[in-house]
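Report on one structure; see the data block that follows.
Below, read A as the first sequence line, B as the second, and so on, with proteins coming before strands; counting in each chain starts at 1. All values below were derived from every heavy atom in this structure, side-chain atoms included, with hydrogens, water molecules and symmetry-related copies excluded.
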Protein chains: 2
Amino acid sequence: MRIERLCVERGLKMTGQRRLIARVLSEAVDHPDVEELYRRALALDSRVSIATVYRTVRLLEEKGILERHDFGGGRARYEATDHGHHYHLIDIESGKVIEFSDEQHEALATAIAARLGFRLVGHRLELFGRRQDEEPAPPLRGRVRRAPAKGDAGGGGAA
Amino acid sequence: MRIERLCVERGLKMTGQRRLIARVLSEAVDHPDVEELYRRALALDSRVSIATVYRTVRLLEEKGILERHDFGGGRARYEATDHGHHYHLIDIESGKVIEFSDEQHEALATAIAARLGFRLVGHRLELFGRRQDEEPAPPLRGRVRRAPAKGDAGGGGAA
DNA sequence: GTAATTGCAAATAATTTGCCGTGCA
DNA sequence: TGCACGGCAAATTATTTGCAATTAC
């Protein structure tokens with residue numbers, strides 16, 4: 001319910017659907033897109049429309065409660081801003097998103113901006129990588145390795 | 001004409017419109033969106049349709065000749081990949097995009113990915129900043145500073 | 001009580017695509 | 001000369017919005 005609290009703090013009028021969407025957001029541990037948020041909300045209470053989900057994420061983004069990401073794939077994906085500054089590494093085989101943070105990078109970004117004559121207001125860093133085979137690998141044969149794609153939010157269900 | 005050469009190298013059939021679009025891309029020093037590419041192409045030769053521009057940038061992106069960016073504002077913006085790896089700093093007042101590169105960051109990104117068990121395949125870093133007033137600033141009064149927005153590509157014409 | 005919010009369906013906006021004529025290799 | 005390509009307009013996809021009914025404060 002962290003999100004609902006934040007909404008109240010910013011003086012938003014709390015309707016049933018806003019509370020519902022806030023709850024879905026509070027419970028999310030991934031980076032759902034609007035469709036997915038809508039699906040999860042519907043599962044809890046059918047009295048929401050997707051238009052309201054769109055309106056709400058937009059509002060919460062403006063209020064700084066949500067952050068919008070573009071991880072490719074055409075739809076915007078959302079995440080609460082309240083669990084700290086971090087970056088993303090996208091596994092290009094599975095689409096999974098891994099979060100990390102790095103103070104060194106933080107400092108470097110600020111330094112670079114300053115060097116260019118700017119005060120850093122925001123930044124984003126996204127790494128795209130392929131899982132490193134940790135097994136020393138059987139000398140002959142080997143390889144083959146396919147992941148069925150589909151990211152950490154989009155598809156089926158499972159919260 | 002660098003782009004056209006790259007197209008030929010990758011075995012693309014070179015039609016009149018592809019040559020035209022390749023030329024526009026070769027001459028661009030900014031990050032135009034499709035509308036803008038179409039406008040520039042039209043100015044040189046009216047026998048192109050915007051559908052072809054869409055098809056071509058998509059093709060060139062798949063071939064690794066172009067890179068697509070999302071700088072906010074809803075439309076994808078393109079840039080040739082052949083002028084070296086670099087990052088972008090977006091001036092949030094004017095929308096202007098400044099390119100820079102930084103070896104330290106390059107290394108850091110690789111190290112972070114490795115630490116997480118991944119081999120880095122690609123990455124992007126975008127800084128959003130506000131121009132730092134370089135003048136020591138007249139002690140009294142001061143401030144005011146507004147830029148009319150509109151980025152480094154979208155708008156009017158000018159190549 | 002009143003202005004903000006919602007749902008619905010229609011409107012946008014960016015991008016893609018089917019189909020058929022045309023031009024490149 | 002065949003097969004990929006280009007033009008056009010219609011189709012998609014993601015997102016926004018007008019309007020009347022509803023609701024929070």
Among the clusters formed by ILVMFWY side chains lying less than 4.5 Å apart, do Val24(A) and Met1(A) turn up in the same one?
no
Measure [atom1]/[X] against [atom2]/[N] and give the value in whole Å, please.
{"X": "Lys63(A)", "N": "dA4(C)", "atom1": "NZ", "atom2": "P", "result": "12 Å"}
{"X": "Leu59(A)", "N": "dT16(D)", "atom1": "CG", "atom2": "C1'", "result": "15 Å"}
{"X": "Leu37(A)", "N": "dT15(D)", "atom1": "CG", "atom2": "P", "result": "11 Å"}
{"X": "Tyr38(B)", "N": "dC8(D)", "atom1": "OH", "atom2": "P", "result": "8 Å"}
{"X": "Leu20(A)", "N": "dG7(C)", "atom1": "CG", "atom2": "C1'", "result": "15 Å"}
{"X": "Arg77(B)", "N": "dA14(C)", "atom1": "CZ", "atom2": "P", "result": "13 Å"}
{"X": "Ile21(B)", "N": "dG7(D)", "atom1": "CD1", "atom2": "C1'", "result": "12 Å"}
{"X": "Arg75(B)", "N": "dT15(C)", "atom1": "CZ", "atom2": "P", "result": "7 Å"}

Ignoring hydrogens, what is the shortest heavy-atom contact between Val48(B) and Ala41(B)? Give both atom names and the distance.
CG2-CB, 4.3 Å
Heavy-atom pair of closest approach, residues Arg40(B) and Pro32(B):
NH1-CG, 4.0 Å
Using the side-chain heavy atoms of [X], tell me which of these nucleotides is nearest: [options].
{"X": "Gln17(B)", "options": "dT16(C), dG6(D), dT16(D)", "result": "dG6(D)"}
{"X": "Val34(A)", "options": "dT15(D), dT15(C), dG6(D)", "result": "dT15(D)"}
{"X": "Ser49(A)", "options": "dT15(D), dA14(C), dC8(C)", "result": "dC8(C)"}

Assess whether side-chain contact (heavy atoms from CB on, under 4.5 Å) is satisfied between Leu127(A) and Tyr87(A), documenting all intermediate values.
CA-CA 8 Å; Leu127(A) 307 183; Tyr87(A) 310 104; over 6 Å; no
Give me the residues of residues 41-48 of chain A where at least one heavy atom lies under 4.0 Å from an atom of DNA chain C, by number, or none.
Arg47(A), Val48(A)
Are His123(B) and His85(B) an aromatic pair, judged by ring center distance below 6.0 Å?
yes
Any chance the side chains of Tyr78(B) and His31(B) put a donor and an acceptor closer than 3.5 Å?
no
Any side-chain N or O of Thr52(A) less than 4.0 Å from the OP1 or OP2 oxygen of dG7(C)?
yes
Contact under 4.0 Å: Tyr54(B) side-chain N or O vs dT15(C) OP1/OP2
yes
Nucleotides 18-25 of chain D: protein proximity per nucleotide (B base, S sugar-phosphate only, - neither; heavy atom, under 4.0 Å)
B-----BS
Answer yes when Arg58(A) and Glu61(A) have at least one side-chain N-carboxylate O distance shorter than 4.0 Å, and no when they do not.
no
Using a strict cut-off of less than 4.0 Å between a Lys/Arg side-chain nitrogen and an Asp/Glu carboxylate oxygen, indicate whether Arg77(B) and Asp70(B) qualify as a salt bridge.
no
So, the side chain of His105(B) versus the backbone of Glu103(B): is there a donor-acceptor pair under 3.5 Å, distance only?
no
